[in-house]
Number of protein chains: 4
Amino acid sequence: MPIDPNGPVPLYQQIADYIRQLVAAGVFRSAEALPSLRALAVQLAVNPNTVQRAYDQLEREGLVYARRGLGLFVAERGAELARNKSQEALYQTFMQAILAGKAAQLSGEKIGAIFQRALAGADVKARNQ
Amino acid sequence: MPIDPNGPVPLYQQIADYIRQLVAAGVFRSAEALPSLRALAVQLAVNPNTVQRAYDQLEREGLVYARRGLGLFVAERGAELARNKSQEALYQTFMQAILAGKAAQLSGEKIGAIFQRALAGADVKARNQ
Amino acid sequence: MPIDPNGPVPLYQQIADYIRQLVAAGVFRSAEALPSLRALAVQLAVNPNTVQRAYDQLEREGLVYARRGLGLFVAERGAELARNKSQEALYQTFMQAILAGKAAQLSGEKIGAIFQRALAGADVKARNQ
Amino acid sequence: MPIDPNGPVPLYQQIADYIRQLVAAGVFRSAEALPSLRALAVQLAVNPNTVQRAYDQLEREGLVYARRGLGLFVAERGAELARNKSQEALYQTFMQAILAGKAAQLSGEKIGAIFQRALAGADVKARNQ
DNA sequence: GTGGTCTAGACCACA
DNA sequence: GTGGTCTAGACCACG
């Protein structure tokens, strides 16, 4: 349960991200029901409103659809969408960061070097956890 | 003047980032005066308080120093500091993005490929402008 | 509540100093919520922006962290940081005062004597309150 | 000519302090004329208004008196007043700093130790200059 | 409810 | 004219 109420990322965002990862990884399969709002809220010790907001976002992304009275279900191509979404988000983030770097007069090579350093740093960080 | 009042990034942050880029790029040189609070506020169609807040942040970063009654000036090693700051920010952004990607089950190779695609895309974008 | 709107020290600075003292003294404990922006603003008869500015400074010092929607909390090592900060500030003030005294041709012994007199005077003042 | 247009102390304050020190040290004697406003302004490369403001403050302190058409003269007991003024300012600064330290739960011994450290530090600083 | 940002406009200190 | 502080009151994001 990687939810951290401290930390800069909003709770609802963390919850949405976490579920999106589970869907992408195939933990929740197509047409399978997700945990109910209240159940998840209790499990995460979080306000139901917050879970609602996370579910809203996932529904807006088309990953998930609601059946009134039954619950939330993973969309047919949910796993695929989730993976695309992650990659798209990554691409956008990289793009913006690179443009900011170029604006600050950093060369493409320099930016690439910083990226490699970060990639190596992330590996170390993951191994230490 | 790349200031977007509707984006998610606070105005004062955008202003600070923009000026930091100008200092890093050597547009404002050491011991040279920056635009006055009010002048920049008028130019950006923004409240003077907002510019002030941006300048405050730059001053805390040591990029710039203010002299009451005189104006704002680029610090001696301002350009150098600005470049370091930019690289550090880039590293942090990359690190977070990479960790998010790993959490979404993307391999290091896959993440690297997305980065290369973004880097190429940024080149194209720059050339078209 | 020792806030003086007419003194030379900015209000936000006074507020930050005061809360830092309370944290240093252990009045607010680690992970405990501080008074909300608006509550403190009302209590001090001050604009919420002013309190916000004080809290900003404390947050930058690492004494305190803010959670949107929840409130402000004392950081884990907040009390320790507050005490260090107080000592550092004291050292800086003494240093400047001593240099000013030396510039005015006062000997080290003379300056020391004045300090001892002030220390005794502070004791008396504290006892009378 | 220890006037530093950068640095946090206002120019007029620096000028007043400097002249007060000269008077305290007996460089300017009783009933002796001080440099004229314009002469000093030129010498310090400073706006005459700024020198005026410094002279105003010294006159308010009673260190100096103006003879219209003749210039500024050191008051009879000027040197004595200057010395007292320095010591009084020092005493007040120490007192305030000590009270702040006590408020932050520092013991008198601890405060004394910090003072001794600052005194030693000031010696080192002076020797290095 | 909480904190975070922003505007409009005021007054002060300094050069 | 410059920067620095403050108020009054608005709107947003979050829980």
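Sequence lines set the chain letters: A, B, ... in the order given, protein chains first and strands last, and positions in each chain run from 1.
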**pair D:L34-D:F73: side-chain heavy atoms closer than 4.5 Å** = no

**Complete:** In whole angstroms, the gap separating P of F:dC6 from CD of C:Q52 amounts to 14 Å

**Request:** Take nucleotides 8-15 of chain E nucleotide by nucleotide from the 5' end and write B, S or -, depending on whether a protein heavy atom sits under 4.0 Å from the base, only from the sugar-phosphate, or from neither.
**Result:** BB---BBS

**Request:** For B:Y65 and F:dG3, give me the distance from atom OH to atom P, rounded to whole Å.
**Result:** 13 Å

**Message:** Quick one, B:Y65 and D:P8 - any side-chain contact, counting heavy atoms below 4.5 Å?
**Reply:** no

**Side-chain ion pair, C:K85 and C:E88, N-O less than 4.0 Å** = no

**Request:** Give DNA chain F the dot-bracket treatment, 5' to 3': Watson-Crick (N1-N3 with N6-O4 or O6-N4) or G-U (N1-O2, O6-N3) under 3.5 Å, [ ] crossing, | other strand.
**Result:** ||||||||||||||.

**Message:** Nearest whole Å is fine: how far is E:dT7 P from B:L40 CG?
**Reply:** 12 Å

**Message:** Check this for me: does any side-chain nitrogen of one of B:D56 and B:R53 sit under 4.0 Å from a carboxylate oxygen of the other?
**Reply:** no

**Request:** By nearest nucleotide on DNA chain E, pick out whichever of C:A66 and B:A45 is the more 5' one.
**Result:** C:A66

**Item:** Criterion side-chain contact (heavy atoms from CB on, under 4.5 Å) on B:L58 and B:R20, from CA distance to verdict
**Value:** CA-CA 8 Å; B:L58 295 173; B:R20 195 183 301 111; 4.1 Å; yes

**Request:** Start with the C-alpha gap between D:F94 and C:F94, add the side-chain angles, then the distance that decides, and say whether ring pair (Phe, Tyr, Trp, His ring centres under 6.0 Å) holds.
**Result:** CA-CA 7 Å; D:F94 283 151; C:F94 283 153; 5.7 Å; yes

**Item:** Interatomic distance where CG belongs to A:N6 and C1' belongs to F:dC14 [whole Å]
**Value:** 15 Å

**Prompt:** How many Å lie between CG on C:D56 and C1' on E:dT2, as a whole number?
**Reply:** 15 Å

**Item:** Spacing of A:Q14 atom CD relative to F:dC14 atom C1', expressed in whole Å
**Value:** 12 Å

**Prompt:** Can you tell me how far P of F:dC14 sits from CG of C:L37, to the nearest Å?
**Reply:** 17 Å

**Request:** Send over the distance from B:D4 CG to E:dT5 C1', rounded to a whole Å.
**Result:** 15 Å

**Request:** Let me see the working for C:L40 and C:L44 under side-chain contact (heavy atoms from CB on, under 4.5 Å), right down to the final yes or no.
**Result:** CA-CA 6 Å; C:L40 191 55; C:L44 299 178; 3.8 Å; yes

**Item:** Single hit among D:I19, D:I15, D:V64 for side-chain contact (heavy atoms from CB on, under 4.5 Å) with D:Y55
**Value:** D:I19

**Request:** Mind listing the closest non-hydrogen atom pair of C:L81 and C:E61 along with its distance?
**Result:** CD1-O, 4.1 Å

